[in-house]
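The structure appears below as structure tokens.
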Amino acid sequence: MTPAEMRADVAAATGGNSGRGSYRRLLRASNTYIGLLPFFVYSAIFLALPTARVAFLAFRDQDDHWTLSNIFESFHGVYLLSFQRSIQLSLVSAITGAIFGFIAAYAITVSKIGFLRRIVQTASGVFANTGGVPLAFMFIATIGTYGLVTKGLKLVGIDLYKGGWTLFTFTGLILVYLYFQIPLMVIVILPAIDGLRLEWREAAATLGASKQQFWRYIAGPILLPPFTGALLLLFANSFAAYATAAALTSGTIPLVPIQIGSLVSGNVIADEANLGYALGLGMILIIGFVMTGYAILQRRTAKWLS
Amino acid sequence: MSKKLRVIAGVAGAVLAASLLAALPAEAASKANSATSAKSVGGLNKLIVLAKAEKELNVIALPPDWANWGEIIPAFEKKYGIKVNSANPDGSSAEEIAAVKALKGQDRQPDVVDVGLPFAVQGAAEGLFAPYKVSTWNDLPKGTKQAGGKWFFDYGGYIAIGYDTLKVSPAPTSLKGLLNAAYKGQVALNGNPTKSGAAFAGVFATALANGGSLNSVGKGLDFWKQMKKIGNFIPVEATPATVQSGQTPITLDWDYLQGKYSKESAGKVNWKVVVPSDAIYGGFYAQAVVKDSPHPAAARLWQEFLYSDEGQNLFLKGGARPIRLPAMQASGTANATYLANLPVLPAGSNPLFANLRQILAAKDVIGKRWGTL
């Protein structure tokens, strides 16, 4: 073989070093990604661009000069308090939602009643997507001060509002958020629980493992990454919720999205929209942090449960 | 002339005619653009001609159930044959200013805005508005307009207590009286006072009733803190739905907006409106013409219409107090029937209006304290 023939051979075997071959490869590659093009365009227009704009405006003042004062102010006073409350609210509602959602998902998996599973799954899909003002109104109309359930319970001698608790407090808000947090947990964790194979349990039992040992050494470690991942997703879900809390508390519980609403699109505060963008940037960073954690945990989950 | 030549001549003629037509509004636009009164374009009739040539007017954030915009817009359309494009009717003042900035140079940019005082001042300071003085300019009292015509109040009202007589007893008459234990879980504001203008005014009014002043709104926050503590304050944003379902049977709002709460719930709700006896806090909205907007003549004609007797009486019909009301009462042009429908002011009452400095100071205090009630 001459060196030239050899090169041609190699080229043929590797799919082409020649211009024609690499063109074809490019074409194949572009064919693969062309389907994703709408997605990329969509993400660029509705996610990347607005994010970049918020980040830019967070560092500008009303007269269009560079400034750090918006960022500074977003870490002080009522805005710092709002970040604390928002994080508290999201943490508590995420943890509570995750626990109850896990129990529910585990129960329907173990029960092995097919139609129960389908009902719970479908219902969860609906509930998890309920939010906004309608959700707030549903709760006001049922367990608000003059709600149907409140009135009904009063008839049988139970006064929900006797101890000073109201729907419009921090715990009331958590209760409302659980309406969409628990179902979301059910949806997200079900596939992971399904992935827990019966064989593993049998194998463990054959080797003499107790139920506790099975959970401690096998199911626990396998389910921990998806559980934590789901927890983070729930956190992000409630962190960004706005309309429900706004309609239910009128800002008496300071939350970041509500402050942003007042700064950016209100009828009272003029001239401070850029501070709103700084708060928005803070939220984006927190969500980015949380979702990175979620992505990492997803990868670990995929190792075992795929 | 050959057939071909005739076609060419025809096309050329059409192009010429089209360019003439195009040139006409463009020239008119530049004339209206810098007009600071109807006189600058040669009188109201000339302004009407120019506005009709523009065919359209862009307005923003004018809810149909607010101060009678639902009737004012069609009345203007009908009178002048100009189509009104009403964008984002439930938008806020901040969104109006944002739209004016974001849509600059586009044919969708709002031609006129209706905003709260801080936003009018902001827009004027940022050079967004063109100066314009309506023909009835002198009827507007001093302090209700920017001297150069960059903005001017159009209508306003007082904070009033609305309540459902079917659920509320005794009938409230004062703001202080809302502390009565009988009103447990019944008293609502129209939203968040750091966002809603009416809720902000509601807090201001309670400050006045509790020993505060236009310069110190803190007493109002103490009041709502107490209201929250004893459980009378229900922090749900009052809407017609919450009123109809009985969740917010007592609601503070502008008197001219109280009507919406009972509009579609006849029989279920018996809504009464009372101006509180212990404090009357008033507020006005302001109109402004947007600088270099797409329909400059229509924008100015819109203002002439709003500030005419006809426009002002339409505000009055909606329960709002038009800015020219005192002058119209003096000249006898205010509609007596609409006037009689306004809530009665308590005898010897003295309505108070905050100026910009007082509003900004109150905004800071409420912004800091509302979230920690």
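Quick note on labels: first sequence line is chain A, next is B, and so on, each numbered from 1. Computed from heavy atoms alone, side chains included, the values below leave out hydrogens, waters and symmetry copies.
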Most chain B-contacting option - heavy-atom pairs closer than 4.5 Å, from A:Gly144, A:Gly261, A:Ala136: A:Gly261
Choice from A:Val133, A:Leu248, A:Thr252 maximising heavy atom contacts with chain B below 4.5 Å: A:Thr252
Proximal to chain B - members of residues 262-291 of chain A, heavy-atom separation under 4.5 Å: A:Ser262, A:Val264, A:Ser265, A:Gly266, A:Asn267, A:Val268, A:Ile269, A:Ala270, A:Asp271, A:Glu272
Interface residue of largest heavy-atom contact number with chain A, from B:Ala199, B:Gly116, B:Gly191, under 4.5 Å: B:Gly191
Which portion of B:Thr194 sits near chain A, non-hydrogen atoms under 4.5 angstrom: both
Atom group of B:Ala241 that falls short of 4.5 Å from chain A, counting heavy atoms: both
Shortest non-hydrogen contact between B:Ser245 and A:Phe137, atoms and distance: OG-CZ, 3.5 Å
Proximal component of B:Lys225, with respect to chain A [non-hydrogen, under 4.5 Å]: neither
Partner chain B: residue of A:Ile140, A:Asp63, A:Val78 with the largest heavy-atom pair count (under 4.5 Å): A:Ile140
Interface residues of residues 66-73 of chain A facing chain B - non-hydrogen atoms under 4.5 Å apart: none
Portion of B:Glu126 that has a non-hydrogen atom of chain A nearer than 4.5 angstrom: side chain
Leading residue by heavy atom contact count with chain B [cutoff under 4.5 Å; candidates A:Pro254, A:Ala246, A:Gly251]: A:Gly251
Contacting moiety of B:Thr242, where chain A heavy atoms sit under 4.5 Å: both
